[in-house]
Structures are given as C-alpha cells and as structure tokens.
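These notes concern the structure reproduced below.
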Amino acid sequence: MQSWRGCLRSFLLGWTLKFSCSSHFFIAAMQPSTNWHLKENARDHHTSKFSSKELIVRRGQAFIVTFNGTEQPEQSLTFIAETGPKPSKLAKTQATFGISSTVSKESWSAVLQSTSSNSVSISISSPPNAVIGRYKLSVQTTSSGSSSPASLGTFVLLFNPWSSGDDVFMPNKAECEEYVLEEFGIIFAGNKNHINSFGWNFGQFQGDILNICLSMLDRSLNYRQDPATDVSHRNDPKYLGRVLSAMVNANDDQGVLLGNWSGNYEGGKSPSSWTGSGEILQNWKKSGFKPVRYGQCWVFAAVLTTVLRCLGIPTRTITNFSSAHDADGNLRVDEFYDASGNHLDRAADSIWNFHVWNESWFSRSDLDPSYSGWQVLDATPQEESGGIYQCGPASRNAIKEGDVDLDYDCPFVFAEVNADCMYWNYDPATGKKTLMFSKSTVIGQFISTKAVGKDDRVDVTNDYKYEEGSTKERDIFKKARKKLGLEDKFDPTAPTPQEIDQKPDISGKFKVSGPLEVGKDLNLILVLANLQSDAKTVHLNMTAWSTVYTRRPVHEIWKDSISVTLSPKEEKQFPIKISYTEYQQQLTTDNTIQVTALCHVEGGIQVLVQRDITLDNPAIDIQVLGEAKVNKEVDVEVIFTNPIDTEVMDCVLQVEGNDLLRGILEIDIY
C-alpha cells in the first residue's frame, strides 16, 4: 500500500456594490482612466469565478463602468462598442449609442448613474442577441468639436442563460449552476452490463482558458475563410456549437485534439490518462496551436463542455451505451463473425460499448419552437458533415420524433440511439455472408448524464426515443426510414425476409461469476437452453479478445471448442475461466474484453452468444485528515493498494483541483 500526503488551499471571496446618482458627467481630453467595477459586475453577471483582470459580462444585462474627465454637456457623450476585425453596424459587430433615460432591450444603450467632480458612472446594456467575444469600448464627445474617440479599454461579452431574452436562457437556476458554473463533473463509461464513472475537471474558469476558447473561434475554418462574416454569426449558439464541434477535433483545421483508437499512444498521452480539460487546452496553446495527442470520445466531449460552459452556453456530457456508428446512413449496423466466432473488423459500421457526446441548451430559431431545448453536439470525428468533421446541433426532440430531415446531422444521431442490428456469419474464403439474426432493441441503452447538484447517474433514454420495442418506437423508426427515402429503396446487402423470419433452436447467454477487476481472474458461465421439444447437438467455437471501447478487436486472449447435446427443453451451464496471466499482456488501456460463442446447431441456424466485459481499475482512496477551512492548509492522504502479486514499477500519482492546487501535481511513487 502506498500513501501520499499533501496540502490543499481554498479561497472565499465576498464583495458589495455601491454607487450614487447625479445629473452631470465628464470626459477627459487625455486617455480616460477606467474603473470597470470588476467585483461588482462579476457578481451580478455570474462571472466571478473567472481568473481575469479584464471585465467579463453577459449579454442582455447592464454593467457599470466609471471613467474620469472634464465636464461636458450631457448630450455630447457617445459610446462605441465593437468586436472583430472589421466592425460594422450592419453586421451588428459595432454599436454607437448615447446616453438615454431607460435601458433598451433591442440595442446597446447607456444610462447615467452618477457623476462627481472628476468622474462619471455609466450603466451600459447590450441586447440579448449581441455578438459574443472581446469588445473594444470607446467614448467620444462632439460638443468640443472633437470627433476622435477615447478608448476606455476592452471587455468580454458572453452568452447569458440567466436572461429571458437570450437564446440560451435556462429558467431553472439550479440547472444554470450545474451546466454553466460547475467546474467538476462525472462522466459515465463501461458497457450496458457494467456502468462505471470517473471524475473530470472541466476548469472553464481557470487561468487562460477563456482566451484560449476565443482563440479557437479565431482559428476555425469559417473565420479563416471570412473573418467578418464569421464574427457576425457569433450571436447564434447553434452556429458557435457547430463551429466548436469541428474545432475540438484536429481533423480539418488543426484543432485541439487528435483522435487515436489504435491502442498505441506513442508520441502522446493515452486518452484514459487525462483528468481535465485545462491541461489539454493549455498544451494546445503552448505548442503554437498544434493538435494535442491523443483524444477519444469522452475527451472530445469533456473539452467541448469546457469551451461551451466557458462561453456561457449550458452544456453537459451524455453517455450512450451500445452506441451505433452508422457509416452508410441506412439506420442499420452490420457485424460480421467467422466460423470460429471471431468478431471481424471488416464493416464500416460498428457498435461501441459506449459513446460520449454533448447536449447544449438553446432555442432553435431556424426550426419550430418544439425543437428548442437540448441540442446534440458531437466533437468526436466519426463522419463528415458539410465536408468536415463536425456534428450537430441536432434537436433531441427531433431525434425522438424521427424528424431526421431537419438540420443538423439528425440521421446520424438517430442511428446512434435507435439503429437496427444485423449479425452475419462471414466466410473470408468465399466472401459469402449468412444472416444469423437481427435485433431492434440493442442500440441506445442506459443513456446517462450527471444529476444536477450531485454525482448520481440520471437515465435520459426516454428523452431520445419511445420505449424500446413498443409500437410507437417502431412507428418512429419507420417514419425516419421513410423521411430518408429508405423505405422502398433496394438494398443488395439487406437480409431476405426468409433470413429475418428464421427462428433459433437454442438460446444462450454469458453470466459473470466473480469480480470484474484488473488483476483478478475472469470467471464466466455460458448458459445454453434448448428451446425445442427434441434433442439438439451443438458445436461451440468460443473466443475472447481484448478490445478498445469501440469493440474493435486487438489481441486474441483465449479460445476453446466443445460439442454438447441438449435434451428437450434442457438448460446447461459451462464454466469458463480466463486467468489474469492470460489477459495481462493483451489488455488495452480501456480494460475491455469481448467473449464470443458461435453455436453451430445441427440441422438448425447458427446462434451467436457474446458479451462485452469491462474490468475495473483498483480504487484510489482519498481521506481528508483534519478539518478543512477556507484559507487554511489541510492534509490529504491518498491510498492505493496493488491488487496483484507482481511488483508495480514507475507509478505516477496525478492530482488536480481547481483553487486547491496550482496546476497539476505529479508525484513519482517508487
């Protein structure tokens, strides 16, 4: 057993806002000195968690700014707020506005708050649909004959889910706290039979993250092609969500993360070794914006969560178990097995143990209001959309109702949660394939996200589709196929009606007998049942392969063949043991094993029995020693127990915590 003690420090900040009103104001002939009232504005705009000396506010809401100067007539003061490389009133990237008596909900406005002998305080409001980003604020007077504006400085404007006029308005305040302000989250993984979870440090308010997020927008393909037009669209969350789903992956635009599903992560970090988004985004910037190696789906989704929450769009991660990758867009996935029961990696389609994407909350001005709310975005590069690797936003309501003809990428997302599955026996020598069976209830199970305000798992499967196997669910599936023109389309690869109608003589399943932990033997029971009233002879070819979480086979671990006779209606159990020494060297960092039994029934059709196994890593125990107080050091003990008989070498303990530690702490354990 190894233990480590360290010190964590946390901080608590508080402040109040005070200002007074009068009827005069001033502006300096020289460069004004600006007081941005950082603490007061940050408190009112829910931006106090940002680590910045620059004003950060949210659109559709007033903020206070004070500057010094010499007395001028009230009507002569004009403000200019502008963003982007070519500010334009027409593009709504430039606004010119004077002092008014009331706040405008449709445009930028300024209301006088107070004046003194050498300063003036102004309340400035932006419209709820203003372009987000970094603005320059200037002021000028015309009464003295001068038209040259004086710069007051810069500020950053973000989306505002607390404002009812904003497209990202979220009426539930607890959800705003969770999906915008929460920096730590839980991501679910494993497989449908064994769901596990791990923590993730989103860290959207830390260090230079906001500047990096703004840099992502300025490095997108859209910006490179037409900067002014791109910036003018940054008032629209669906536009930004789509752009950022492309920028988080590196496939087309030198974005943040390079994906790798090979199992070989030389030249980078294994995706499973990341614990937070901050290190990834900082590494991207420090490298001169070269892609960070490597990411897989949960890393892409976690980084996109960080970026969208940072910009003010409510966002969460979603895990879909038994997730389909429908490469050919026919709402069907095909899997192939050879006569020995080996899962063949020959189809473009696949069924992942799990897949993680994002949901972001905003209205869809381009669609009927019923399609507003949660929108699916996916930064994992799977299939091209519009010529590049981006996905969404796809309305979750549209997915549930089978409205796959709507923007964006609804057919792909619909298939991820509700495609039908075809399982084929394939003969590599002849190229002949034979359908073993099909299932319409495999895909899209236990769709999960973190609960609001706690670490529990919430199942949102019913928000993506109607009850699996119900008449309504099947009707929606047929509706989706019809909208895509697949209902009457001839498909030479499709199974014949005779193949679909075949009924098996036996059934089978794998049961787990014992712990599913790395370092322990894997004990399973194969259960076979004769469904007929006459005896059946069955020849079984069994295999076990290590896989990555996408279920792509990597290394063969174990195989065996047996023949059995099942009496009428008889059920038999066959114990299987795969020792740790057999799988130790073959296991991937995903800790996944696929066990398969291909049953050749004499005089009947073949039956495939398979199960995906995810092994848990040993637990790490964290204990706080003593009472934790704000601004006081506290000792923390971390305990890890080696579960195997062999000595483990070159271990590294990695610890991070926002506002508790500076950066990531790495400790070598010998």
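Just so you know, residue 1 is the first one in the sequence shown, and it goes up from there.
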Open item on the list: Tell me if a side-chain donor or acceptor on N41 pairs with a main-chain N or O of I64 at a distance below 3.5 Å.
Closed with: yes
Open item on the list: For the backbone of Y371 and the side chain of Q375, can you confirm whether one donor and one acceptor N or O come within less than 3.5 Å of each other?
Closed with: yes
Open item on the list: Any heavy-atom pair between the side chains of P237 and F159 that's under 4.5 Å?
Closed with: yes
Open item on the list: Pairing donors with acceptors under 3.5 angstrom, does anything connect the side chains of D167 and S363?
Closed with: yes
- [ ] Check whether any side-chain heavy atom of Q225 lies under 4.5 Å from a side-chain heavy atom of Y223, and answer yes or no.
- [x] no
Task: Heavy-atom pair with the smallest gap, counting every atom of V404 and A480 - done: CG2-O, 3.6 Å
TODO: Could you check whether the rings of H45 and F63 sit parallel, tilted or perpendicular, using 30° and 60° as the cut-offs?
DONE: perpendicular
Open item on the list: Checking N320 against S323: is there a side-chain donor and acceptor pair closer than 3.5 Å?
Closed with: yes
Task: Spacing of C213 atom SG and Q204 atom CD [to the nearest 0.5 Å] - done: 9.0 Å
Open item on the list: Quick one about Y466 and E401 (side-chain donor to acceptor, distance below 3.5 Å, no hydrogens or angles considered), yes or no?
Closed with: yes
TODO: Search all heavy atoms of C297 against all heavy atoms of T380 and return the closest pair with its distance.
DONE: CA-OG1, 3.2 Å
TODO: Spell out, as yes or no, whether a donor-acceptor pair under 3.5 Å connects the side chain of S395 to the backbone of N397.
DONE: yes
Open item on the list: Does the Lys NZ or Arg CZ of K450 fall within the cation-pi geometry relative to F188 - under 6.0 Å from the ring centre and within 45° of the axis?
Closed with: no
TODO: Kindly say whether S104 contributes a backbone atom to a donor-acceptor pair with the side chain of S109 at under 3.5 angstrom?
DONE: yes
Task: Within 6.0 Å of NZ in K136, more than 12 heavy atoms from elsewhere - done: no
Open item on the list: Which heavy atom of R58 sits nearest to which heavy atom of L157, and what is that distance?
Closed with: C-CD1, 3.7 Å
Open item on the list: For a 4.5 angstrom cut-off between non-hydrogen side-chain atoms, does R242 reach P393?
Closed with: yes
- [ ] Enter the distance from E359:CD to R396:CZ here, rounded to the nearest 0.5 Å.
- [x] 4.5 Å
Task: Chi angles and distances behind the side-chain contact (heavy atoms from CB on, under 4.5 Å) call for W274, V292 - done: CA-CA 11 Å; W274 300 110; V292 177; 3.6 Å; yes
- [ ] Would you tell me whether H233 and N222 have side-chain atoms, one donor and one acceptor, within less than 3.5 Å of each other?
- [x] no
TODO: Ignoring hydrogens and angles, state whether a donor on the side chain of Q254 or R219 is under 3.5 Å from an acceptor on the partner side chain.
DONE: no
Open item on the list: Between V452 and N172, is there a side-chain heavy-atom distance shorter than 4.5 Å?
Closed with: no
Open item on the list: Salt bridge or not between K479 and D403? Use side-chain N to carboxylate O under 4.0 Å.
Closed with: yes
Task: Under 3.5 Å donor-acceptor, D455 side chain and I186 backbone - done: no
Task: Side chains of S385 and C391 in contact at under 4.5 Å (non-hydrogen atoms) - done: no
Task: Shortest non-hydrogen separation from L304 to A379 and the atoms involved - done: CD2-CB, 4.1 Å
Task: side-chain contact (heavy atoms from CB on, under 4.5 Å) assessment of C410 paired with I399 - done: CA-CA 6 Å; C410 285; I399 301 304; 3.9 Å; yes
- [ ] With sequence neighbours left out, write down each residue that passes side chain to side chain contact (heavy atoms under 4.5 Å, CB included) with N201, or none if nothing qualifies.
- [x] E656, N658
Task: W374 and Y179 aromatic ring geometry - parallel, tilted or perpendicular at 30°/60° bounds - done: perpendicular
Open item on the list: Once rounded to the nearest 0.5 Å, what's the spacing between atom CG of N418 and atom NZ of K465?
Closed with: 4.5 Å
Open item on the list: Are T319 and I447 packed together at the side-chain level, in the sense that at least one heavy-atom pair is separated by less than 4.5 angstrom?
Closed with: no
- [ ] Begin with the C-alpha distance, continue with both residues' side-chain angles, and end with the deciding distance and a verdict on salt bridge (charged side-chain N to carboxylate O under 4.0 Å, His left out) for K86 and D226.
- [x] CA-CA 11 Å; K86 295 180 180 179; D226 189 344; over 6 Å; no
Task: Aromatic ring pairing F289/W284, orientation class (parallel under 30°, perpendicular over 60°, tilted between) - done: perpendicular
TODO: Determine yes or no for a side-chain-to-main-chain donor-acceptor pair under 3.5 angstrom, with T449 supplying the side chain and T317 the backbone.
DONE: yes
Open item on the list: To the nearest 0.5 Å, what is the distance between NZ on K173 and CD on E177?
Closed with: 10.0 Å
Open item on the list: Assess, by modelled atom type and distance only, whether the side chains of T461 and D459 contain a donor and an acceptor separated by less than 3.5 Å.
Closed with: yes
Open item on the list: Please check: side-chain N/O of R59 versus main-chain N/O of A130, any donor-acceptor pairing under 3.5 Å?
Closed with: yes
Task: N-O pairing of R134 and E54 below 4.0 Å - done: yes
Open item on the list: Going by side chain to side chain contact (heavy atoms under 4.5 Å, CB included), V120 matches just one of V139, I99, L112, T66. Which one?
Closed with: L112
Open item on the list: The test is side-chain contact (heavy atoms from CB on, under 4.5 Å); show your working for L77 and T141 and say whether it passes.
Closed with: CA-CA 5 Å; L77 199 60; T141 60; 4.1 Å; yes
Task: Heavy-atom closest pair, residues I212 and L281 - done: CD1-O, 3.6 Å
Open item on the list: Before you tell me yes or no, could you show the steps for W361 and E175 under side-chain contact (heavy atoms from CB on, under 4.5 Å), namely the whole-Å CA-CA distance, both residues' side-chain angles and the distance that decides it to 0.1 Å?
Closed with: CA-CA 10 Å; W361 178 274; E175 291 183 344; 5.6 Å; no
Task: Partner of F205 by side chain to side chain contact (heavy atoms under 4.5 Å, CB included), out of T306, L210, I56, L181 - done: L181
Task: Heavy-atom closest pair, residues S232 and V131 - done: O-CG2, 3.7 Å
Open item on the list: Assess, by modelled atom type and distance only, whether the side chains of D230 and Y239 contain a donor and an acceptor separated by less than 3.5 Å.
Closed with: yes
Open item on the list: Please check: side-chain N/O of D166 versus main-chain N/O of N160, any donor-acceptor pairing under 3.5 Å?
Closed with: yes
Task: F67 side chain near S33 side chain, heavy-atom distance below 4.5 Å - done: no
Task: Whether E178 side chain and R316 backbone form a donor-acceptor pair below 3.5 Å - done: no
Open item on the list: I'd like to know if the side chain of N358 pairs up with that of T305 as donor and acceptor (distance under 3.5 Å, no hydrogens or angles considered).
Closed with: yes
Open item on the list: Any side-chain to backbone donor/acceptor pair from Q390 onto S245? Under 3.5 Å, distance only.
Closed with: no
Task: Student check: side-chain heavy atoms of D407 and R364 closer than 4.5 Å - done: yes
- [ ] Look up atom NE2 in H46 and atom SG in C176, then write down how far apart they are to the nearest 0.5 Å.
- [x] 7.5 Å
Task: Rounded distance (nearest 0.5 Å) linking atom OG of S448 with atom CD1 of I187 - done: 12.5 Å
Open item on the list: Looking only at the side chains, is there a donor atom on one of T315 and S360 sitting less than 3.5 Å from an acceptor on the other?
Closed with: yes
TODO: State whether a side-chain donor-acceptor pair under 3.5 Å links W200 with S277.
DONE: yes
